Amino acid sequence: MMSLTADSPVHSSSSDDFAAFLDAELDSASDVSPELDEVENGEAEGEEEVEDEKGQDEDNDTGDGDGDDDDDDGSIDSSRSKKRKIELIEAAVDPQSSVSRGEPAETSGASLALDVCTHPGVMGGMCIRCGQKVEDESGVAFGYIHKNLRLADDEVARLRDKDLKNLLRHKKLILVLDLDHTLLNSTRLADISAEESYLKDQREVLPDALRNNLFKLDWIHMMTKLRPFVHTFLKEASSLFEMYIYTMGERPYALEMATLLDPGGIYFHSRVIAQSDSTRRHQKGLDVVLGQESAVLILDDTEVVWGKHRENLILMDRYHFFTSSCRQFGLKCKSLSEQKSDENEAEGALASVLEVLQRIHRLFFDPERGDNIMERDVRQVLKTVRKEILKGCKIVFTGVIPIQCQPENHHYWKLAEKLGATFSTEVDESVTHVVSMNDKTEKSRQALREKKFLVHPRWIEAANYLWRKPPEEDFPVSS
């Protein structure tokens, strides 16, 4: 596969030499399975049918004709990764075009206009199609695919459209995964507290499950703990999604974490996006993901970094294993490492969110839907599933929203509304929950008298993270 760190060794304007280099980088094009048929309903009219021999090869590659989950997902993903890279340079050599070979064109003006290269992408300062030197630095950099690779906006749009058809053909969507506090927790060795110092040299006191997912990485002076259930999560999610890692950490760290999570290299391949790959400082964006936004879901513990893509985001409950992580977010409690404990695998955040992802996937690919699959939008499915969490709950806020604030603009109101709740200003018969900071307000006392649920605002936050209505008794209102 392509190196993620080595400079591109392109030194010639000869597209023949350039194509030979790319073939070598791609582990040879002969390993790549034939391109998939167009997705049903998205197929262009009048397109020629695939030749029998090609169709047989395709059947061998996918297992069966309908893209069921019986496929060898690792093999498919690997082939798709190679095909994507081939797609980037499929027109690098056109033996019929003198322009492609860098030779003077001896054609009419009209023909020349057709043959002029639009430079769909640049690698190492050279066009990936015609091999000519290109000074223009417009477009988007995809350095995580190959160092110095930049693609024009039109080429990105074309690749995303083509990729969407192939993804849907295999009944897959795209899942972008944050690292820190979502899939794992890391700390600098120097920041390990006295109470958790046993992690360095007395790990035998830990249970096997915890010890086996704890890694001391001396070469980067860090210790990392993988979140419980993470391996099962990745295995199950990989059958439904093509997965990316996207972290605000630096590339060496991102690659090290990807190796811990995916030692066999079967889930992510080259799809590891680091801080330096973002096009906006301190922000993450789907502009560097080669997938249609309508097919992308995001798992992250931080909402603010996804300013433009919050409709794609599933917010994760943060994983705080180390003391430094608790301090970072102002939590004044003992860390999991100090307690020598961990999240419950079966009831933890990753197990919960996997069920949500599976449900969204089922609804998106529901065979009973009568619309064109190419026009479906996973963001609408996500919105529908989220609105069912507090469906049937009618809420009154008391002592929570400041008088000077418009209630519908307050954080808790908007969050509960997003979860499907409705609202009232009075505690009438239809109200199910009174949300309060204390039990001394008149509406709080009325809720107790009339046997309504009286809960702390954290009940709404918990519902948002758990994707289900949490037990009200777990969120009592203090006196």
Side-chain angles (χ1 to χ4, degrees), residues 297-304 306-307 309-318 320 329-333 344 347-349 351-353 355-357 359-360 363 379-479:
L297 290 173
I298 302 164
L299 290 191
D300 204 315
D301 68 285
T302 306
E303 185 176 21
V304 68
W306 289 104
H309 307 288
R310 295 187 185 188
E311 290 186 345
N312 302 77
L313 175 65
I314 296 175
L315 195 62
M316 293 290 292
D317 195 11
R318 288 194 174 105
H320 299 291
F329 291 93
L331 301 179
K332 297 179 180 179
C333 59
N344 183 301
E347 300 175 4
S352 297
V353 82
E355 293 180 4
V356 176
L357 292 173
R359 182 155 185 235
I360 293 171
L363 291 173
R379 291 169 291 195
Q380 294 303 316
V381 180
L382 177 59
K383 189 180 295 184
T384 299
V385 173
R386 184 181 274 126
K387 271 193 170 293
E388 294 178 2
I389 297 172
L390 294 184
K391 184 178 179 180
C393 297
K394 192 168 185 179
I395 292 174
V396 168
F397 287 104
T398 175
V400 175
I401 301 176
I403 296 175
Q404 67 272 23
C405 177
Q406 286 288 336
E408 60 271 17
N409 293 331
H410 192 269
H411 164 68
Y412 283 123
W413 182 294
K414 291 197 290 187
L415 183 56
E417 185 176 46
K418 200 162 64 171
L419 300 177
T422 56
F423 306 93
S424 176
T425 56
E426 301 298 329
V427 184
D428 58 29
E429 189 176 316
S430 64
V431 168
T432 60
H433 293 75
V434 173
V435 178
S436 179
M437 302 293 287
N438 67 77
D439 61 4
K440 300 304 181 187
T441 70
E442 175 55 38
K443 289 175 182 175
S444 294
R445 290 195 292 266
Q446 187 179 355
L448 293 173
R449 285 196 307 269
E450 299 182 13
K451 307 297 183 184
K452 308 291 186 183
F453 288 115
L454 181 61
V455 293
H456 193 277
R458 284 195 297 269
W459 177 77
I460 298 174
E461 294 179 354
N464 186 45
Y465 285 123
L466 295 173
W467 285 78
R468 63 179 180 271
K469 185 162 68 95
E472 286 83 359
E473 59 269 24
D474 291 346
F475 298 87
V477 173
S478 67
S479 298

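Predicted model only: the values in this text are computed from it and were never measured. Below, each value reflects all heavy atoms present in this structure, side chains not excepted, and no hydrogens, waters or symmetry copies.
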Are the side chains of [X] and [Y] in touch, meaning some heavy atoms are under 4.5 Å apart?
| X | Y | answer |
| --- | --- | --- |
| Leu419 | Asn464 | yes |
| Val396 | Glu426 | no |
| Trp467 | Ile314 | yes |
| Val304 | Arg310 | yes |
| Ser478 | His456 | no |

Please report the shortest heavy-atom distance between [X] and [Y], naming the atom on each side.
| X | Y | value |
| --- | --- | --- |
| Leu313 | Arg386 | O-NH2, 3.1 Å |
| Pro457 | Val400 | CG-CG2, 3.9 Å |
| Lys414 | Glu408 | CG-O, 3.3 Å |
| Ala349 | Met316 | CB-CE, 4.0 Å |
| Thr302 | Trp306 | O-CD1, 3.6 Å |

Spacing of [atom1] belonging to [X] relative to [atom2] belonging to [Y], to within rounding of 0.5 Å:
| X | Y | atom1 | atom2 | answer |
| --- | --- | --- | --- | --- |
| Asp428 | Gln446 | CG | CD | 9.0 Å |
| Asn312 | Leu382 | CG | CG | 8.0 Å |
| Lys443 | Thr425 | NZ | OG1 | 6.0 Å |
| Ile395 | Ile460 | CD1 | CD1 | 4.5 Å |
| Tyr412 | Glu461 | OH | CD | 3.5 Å |

Checking [X] now: which residues fulfil side chain to side chain contact (heavy atoms under 4.5 Å, CB included) with it, not counting sequence neighbours?
| X | value |
| --- | --- |
| Arg359 | Arg362, Leu363, Val385, Glu388 |
| Ala462 | Leu466, Pro470, Phe475 |
| Asp474 | Pro471 |
| Tyr465 | Leu315, Asp317 |

Among all residues two or more places apart in sequence or in another chain, which pass the side-chain hydrogen bond (donor to acceptor under 3.5 Å, both in side chains) test with [X]?
| X | value |
| --- | --- |
| Trp413 | none |
| Glu473 | none |
| Ser424 | none |
| Asn409 | none |

Residues which pass salt bridge (charged side-chain N to carboxylate O under 4.0 Å, His left out) with [X], listed by chain and number, not counting sequence neighbours:
| X | answer |
| --- | --- |
| Arg458 | none |
| Arg318 | Asp301 |
| Glu442 | Arg445, Arg449 |

Report, one line per pair, each donor and acceptor closer than 3.5 Å where one atom sits in a side chain of residues 432-441; sequence neighbours left out.
from, atom 1, to, atom 2, distance (Å)
Thr432, OG1, Lys394, N, 2.8
Thr432, OG1, Lys394, O, 3.2
His433, NE2, Glu472, OE2, 2.8
Ser436, OG, Thr398, O, 3.2
Ser436, OG, Asn438, N, 3.2
Ser436, OG, Asn438, O, 2.5
Ser436, OG, Ser444, OG, 3.0
Asn438, OD1, Lys440, N, 2.8
Asp439, OD2, Ser479, OG, 3.3
Thr441, OG1, Thr398, OG1, 3.0
Thr441, OG1, Ser444, N, 3.1
Thr441, OG1, Ser444, OG, 2.7

Side chain Lys452, main chain Val427, donor-acceptor under 3.5 Å: no

